[in-house]
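It should be emphasised that the depicted structure is a prediction, and the values quoted were computed from it without experimental measurement. FYI, side chains are in, hydrogens and waters are out, and symmetry mates aren't considered; it's all heavy atoms of this structure.
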Amino acid sequence: MDDVIAHLVAAFVTMPLLSFFLVYFFARKLLKRKRKSFYAAVNVSTLFFIIAVHFLLTVLSGKSYLWHIIFFLLIMHMLIAIGYWRKNEDFHFFTVFRLFWRANFLLFSSLYFSLLIYGMIVRISSNL
């Protein structure tokens, strides 16, 4: 049973788009609402996109950028919190975290696809 879970997590980390579509599909069946299903898929797959970007950077460069990613996430969360506070003159942690998490989905999903394409180009050109 542990092997099955390990293989599923490994598949979701290497292919975070798979986790997005699976969560969307099951949430769609369960919730019967497109928007809530989409947001559930975004919330779950964001973590997998962040981890996948870390591993792609590790494979492409040969060194780990985990602390850089964590530091970037902390700075990004701080900037979003300050911007939200300055705009609304109030601070709602859940709302700020939701903005932060969705911004991370956009950023890391685009980084994932960019690094995937870059990695394929580098590997193909090195084999020519």
_Nearest non-hydrogen partners of A27 and A40, listed with the distance_ =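 Smallest interatomic distance, heavy atoms only, reads CB-CB, 4.2 Å.
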*So, for R28 and R33, which heavy atoms are closest and what is the spacing to 0.1 Å?*
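What the structure gives for the nearest pair is NH1-C, 3.7 Å.
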With sequence neighbours left out, write down each residue that passes side chain to side chain contact (heavy atoms under 4.5 Å, CB included) with [X], or none if nothing qualifies.
X    : answer
H68  : Y65
L106 : none
L115 : V53, L56, L57, L60
F38  : F20, Y24, V42

Could you measure the distance from the [atom1] atom of [X] to the [atom2] atom of [Y]? Nearest 0.5 Å is fine.
X    : Y   : atom1 : atom2 : answer
L31  : Y39 : CG    : OH    : 14.0 Å
F105 : L47 : CZ    : CG    : 12.5 Å
F48  : L18 : CZ    : CG    : 9.5 Å
L22  : F26 : CG    : CZ    : 6.0 Å

*asked:* Hydrophobic cluster membership, with links at side-chain heavy-atom distances under 4.5 Å among I/L/V/M/F/W/Y: are F49 and F72 in one?
replied: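 Yes, F49 and F72 fall within the same hydrophobic cluster.
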*Say whether L111 and M76 are linked into one hydrophobic cluster, either directly or through other cluster members, by side-chain heavy-atom distances under 4.5 angstrom.*
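Cluster IDs for L111 and M76 match.
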Would you give me the side-chain donor-acceptor pairs under 3.5 Å for residues 116-128, sequence neighbours excluded?
residue : atom : partner : partner atom : Å
S125    : OG   : I121    : O            : 3.0
S125    : OG   : V122    : O            : 3.1
S126    : OG   : V122    : O            : 3.3
S126    : OG   : R123    : O            : 3.0
N127    : ND2  : R123    : O            : 3.1

*With sequence neighbours left out, what residues match Y84 under side chain to side chain donor-acceptor pair (under 3.5 Å)?*
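Residues passing side chain to side chain donor-acceptor pair (under 3.5 Å) with Y84: N88.
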*Would you say the side-chain atoms of S64 pair up with the backbone N or O of T58, donor to acceptor, closer than 3.5 Å?*
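Side chain of S64 to backbone of T58, a donor-acceptor pair under 3.5 Å: no, none is there.
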Quiz: residues 93-104 side-chain donor-acceptor pairs under 3.5 angstrom, not counting sequence neighbours:
residue : atom : partner : partner atom : Å
W101    : NE1  : N43     : O            : 2.9
N104    : ND2  : F100    : O            : 3.3

*Could you tell me whether the side chain of H77 reaches within less than 4.5 Å of the side chain of L73, counting heavy atoms only?*
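Not in contact.
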*Under 4.5 Å side-chain linkage, directly or through intermediates, the cluster mates of L74*: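 For the cluster that includes L74, the remaining residues are L66, W67, I70.
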*Any chance you could pull the hydrophobic cluster mates of I82, using side-chain heavy atoms under 4.5 angstrom and chaining through other members?*
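ILVMFWY cluster around I82 also holds F71, I75, M78, L79.
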